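Both ligands and their constituent atoms are indexed starting at 1 by order of listing. Worth knowing before you read on, the calculation uses all heavy atoms, side chains too, and leaves out hydrogens, waters and symmetry mates. Keep in mind the model is a prediction, meaning the values are calculated, not measured. Residue numbers count from 1 along this sequence.
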Amino acid sequence: MCTQEFFQAQRSQLVGRLALRSLENFESILDYLLSWEVLTWEDYESVSLPGQPLSTLARRLLDIIWNKGGRSCELLFAAVEKAEEAEEQTEPLRLWSQNVASPAQDLQRHRPVIVRKIYGHVEGILDLLLERGFITKYECDEIRLPIFTSSQRARRLLDFAKVKENGVAQFLLQHVYQLPVLPAPFPHAAACQKYRAKLRATLSAQSRFLSTYDGSESLSLEDVFTENTLEIRKGGGGGPSPRGCDTVELPDIFSDRGCVNEHADTVLLVGEAGSGKSTLLQQLHRLWAAGRLFPRFLFVFPFSCRQLQSVDKPVSVRTLLFEQCCWPDEGQQEVFQYLLDHPERVLITFDGFDEFKFKFTDRETHCSPTDPTSVQSLLFNLLRGNLLKNARKVLSSRPHAVSAFLRRYVRKELGLRGFSQEAIELFMRRHHREPGLAERILRLLKATPALLGLCHVPVFSWIVSKCHRELLQRGGDSLKTSTDMYLLILRHFAMHASPGAAAWGPGLPSLRPWLPAVLRLGRLALWGLGTSSYVFSAQQLGASGVEEEDLSLGFLVPARSFSPESAAPLEFLHITLQCFFAAFYLLLGADVSASALRRLFHPHKRPGRSSARRFPVPCLRAPEPEEPEEASVAGLLRRAEPHNVQITAAFLAGLLSREHRGLLAECRGAAGPLLQKHNLVRRGLSLSLRRHFQAIPPAVPGEVKSMHAMPEFVWLIRSLYEMQDERLARKAVSKLGVGHLKVTYCHIGPAECAALAFVLKNLRQPVALQLDYNAVGDVGVEQLLPCLPVCQALYLRDNNISDLGICRLVDQALRCEQFQKLALFNNQLTDECAHSLANLLKYKQNFLALRLGNNHITAVGAKVLAEGLKGNDSLQFLGLWGNKVGDEGARALASALQDHRSLKWLSLVGNNIGSLGAQALALMLEKNVSLEELCLEENHLQDEDMCALAFQQQHYSSRCFCPPSGSGR
Ligand code: ADP
């Protein structure tokens, strides 16, 4: 193969080598190419345009080189090698010869070594040139713009000298000759190494123990960390792509897989509260600090947004990294310059963007790493790449806080789906190593599906694990809702904080003695939500009346702080616990009137994160006792982040459930207007749900009325479930006239399925329930069963459902008269569930549509399905796209369909079918009179098979046979 052909064959790898390393690497390749005169000045200018994506420049460079022929291609390979070896290189001085006749040419010929000689001296050289009148102040400023790295400034200086004909090149050459060659711009300077070691040690100490833990035991993260399902989200965060989501492991989160914007630096990690975002970041920090992950990053800087927003003075990149994170004990300037020059070796993580009270905007551009600006401007410009371009950033957030606007700057988006069934088991085993204990807990979970459903969310697994003794004693049946779980953990902590705990019998302790503490914490929690404060200083605790003994409950823990010198502020163990305490306070706080809760269940727009901007942090006061509380509570609720209000409202509904009324009565010492609040919440819930439905446009004539659920819908349903009030649920949906309910891409897991079933089972007319692209899983399917009788169709595309879940579903479906359609595209089905599905076809003679595309059904399963089809007289649509039924399966299906009278549409696209199968299908078409559309794309059909099938198509002109372009799925 000649060099040019080889070059072309290597093109995609070369693009990777040129574009995926660093800008510094690319530019030093250009240095070599210029110095060897492979590139003309014009070529050079066309591939060094600032602001252009590196990949575009790399491709342009490859085009130029290819056009120049084989020798240039060879030299490009050589330049790539040289640049990549740059770390070790020092060019021998003997190669440094001067050609006094043409200094500009000389500058170019020795460009790589000159850059290396001067990059650490540009400032001094500029001063010298200014002094000698070779350069103007304006030109100097242009060269030393802070957005450029030291080596870029060196190159700009050389570019400047090349075009100026005032002797500057000659002067520069002489001056540079005397300078020593500096180590490559990857200095292993002692200061950098020491700083790295300090950063590692700090991160290692901080990430060793699970962060949100009460401190009564120390759980090492290494021992208990459990893999959480992490998926790559595509298509603007709406959810995974229609072909399903890709899962990814932590070590691969920076790979190019799933990259949606190669010019962006930020990896976005989204997940609901308690899904494990902070823990995953903590694991990342821990593994990096231990040298086990991401060696490409020399420096990792962790930040939490809740702490960042309490920075109330202007900050620069330098102060952010050094003062807010880790201070270099020596060589600050050297270290900082290194970070600026090699951003690709830097990783910055920002946890909890949803708790940052400033809305993302790109209105303010700030490019100077040394000039201070507001903390929000700094964060946004880092995310946008205006600062530390090419440094990787990871931003974690709950989904609601991620705007389309922010997504424009996201390189790739990852979603946390929570624990799989296996992960729950592993989690319990890792937390409980005493013989047999984990098994007992797992048996309990399996026997109580509602509890198991909750455990897919890691924070609930943690609660179960923590309260296992109570659970094993009294069983899990009484625990259905999130509120049940949070009350359990409250009692658990209360019991452990009580001096006489050991003397308490097997029953759960009364909360009565702890009520004042709970209310004080609740007051603080509510105030925090209303002012977007999640970290509390001693002064703020005092202002809310929180006492020393309240801390002994263990719900407030020291915030992870990087400044051990200062007294660490406190934060709630988890944001959901802050909401839970706020709910308690809203309900039992003696000074919270019912009217303050009036708007709780009305979806509201917050005055805007921007409103916080009007109140700089120090101005936000904890509530004063003399403030009019009613106005203050309503005001706080209005100002709080709507999603936190929703979590709080759902807890409040839960506390008002019949199950917990006893508890409230027991706590009534506080004597709030409980009944009034109860009625108000009930009314608010059912009214809001009805309003939601009324807002749906009327049905198009001839179609069923269809509704696409908005996020509020899921929240209202969850709140109804928390309240466990069957009558209320019935009332709320009794007048609902919707034929098709679409709840796709809504992060529906097993817990939401339980809530949906609890409410929707009361519908008066049949509904098609579309739950595609969620995380229902087998446990969620189990939870949905109670509402199957009202389902006319169930769409569960892409929901990680296996044979187990489907077999349970079919068992139930056989008893549901109205159930007629089932869509299971892209799940984990195998031949194991074929018997069940065949029974559905055989015994349910009004069943219309079965879509099984993109599963793992082979000829074995197809034969079983074919048996079911033989006894079926109603099915109209059968989708098997993307399985592996092969010739044998196709033949079995063809044989079953010869006399079938209702099937109109059959998709066997992409099923590895060859001539044998096709001929059988052609024969079937000769006899079958109902089939209107047969989709066979992406198989291995020969010309004669096509002819046979086409013949049948002509014969029955109403038929459509679609290789190769039908939809078929
Ligand atoms: P988020 O940041 O999404 O709100 P967290 O990371 O704080 O969620 O998780 C809540 C709790 O769940 C943690 O304190 C921890 O006890 C548990 N947890 C979360 N993820 C994991 C995991 N991967 N392994 C073990 N425990 C976990």
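- Note: no N/O pair closer than 3.5 Å links H431 and ligand 1 by distance alone.
- Using a cutoff of 4.0 Å between basic side-chain nitrogens and carboxylate oxygens, R292 and E222 are scored as salt-bridged.
- Residue contacts with ligand 1 for A273 involve N, CA, C or O but no side-chain atom from C-beta outward (heavy atoms, distance under 4.0 Å).
- Contact atoms of ligand 1 toward W462: 16 (O) (distance under 4.0 Å to a heavy atom of the residue).
- The pair R257-D246 counts as a salt bridge, with a side-chain nitrogen and a carboxylate oxygen less than 4.0 angstrom apart.
- Proximity to E272 (heavy-atom distance under 4.0 Å) selects the following atoms of ligand 1: 3 (O).
- Residue contact check: P458 has heavy atoms under 4.0 Å from atoms 12 (O), 18 (N), 19 (C), 20 (N) of ligand 1.
- Heavy-atom proximity to V224, at under 4.0 Å, picks out these atoms of ligand 1: 24 (N), 25 (C).
- Between the side chains of T576 and Y486, at least one donor N or O sits under 3.5 Å from an acceptor N or O.
- In the model, D484 has a side-chain atom that pairs as donor or acceptor with a side-chain atom of H660 under 3.5 Å.
- Between F493 and F555, the ring planes lie parallel to each other; the angle is under 30°, not in the 30° to 60° tilted range.
- The residue among F225, F460, F427 with a heavy atom at the shortest distance from atom 26 (N) of ligand 1 is F427.
- Ring geometry for F405 versus F360: interplanar angle over 60°, hence perpendicular rather than tilted (30 to 60°).
- Residue contacts with ligand 1 include G274, since one of its heavy atoms falls under 4.0 Å from the ligand.
- Residues R417 and N774 bring no donor and acceptor atom of their side chains to less than 3.5 Å of each other.
- Using a 4.0 Å cutoff on heavy atoms, E227 does not count as a contact of ligand 1.
- At a threshold of 4.0 Å, the pair E470-R491 does not count as salt-bridged, since none of the basic side-chain nitrogens sits closer than that to a carboxylate oxygen.
- Of all the heavy atoms of L573, none lies under 4.0 Å from any atom of ligand 1, so neither backbone nor side chain is involved.
- Considering T229, V459, L280, I575 only, the shortest heavy-atom separation from atom 12 (O) of ligand 1 involves V459.
- Residue N228 has no nitrogen or oxygen atom sitting less than 3.5 Å from a nitrogen or oxygen atom of ligand 1, judged on distance alone.
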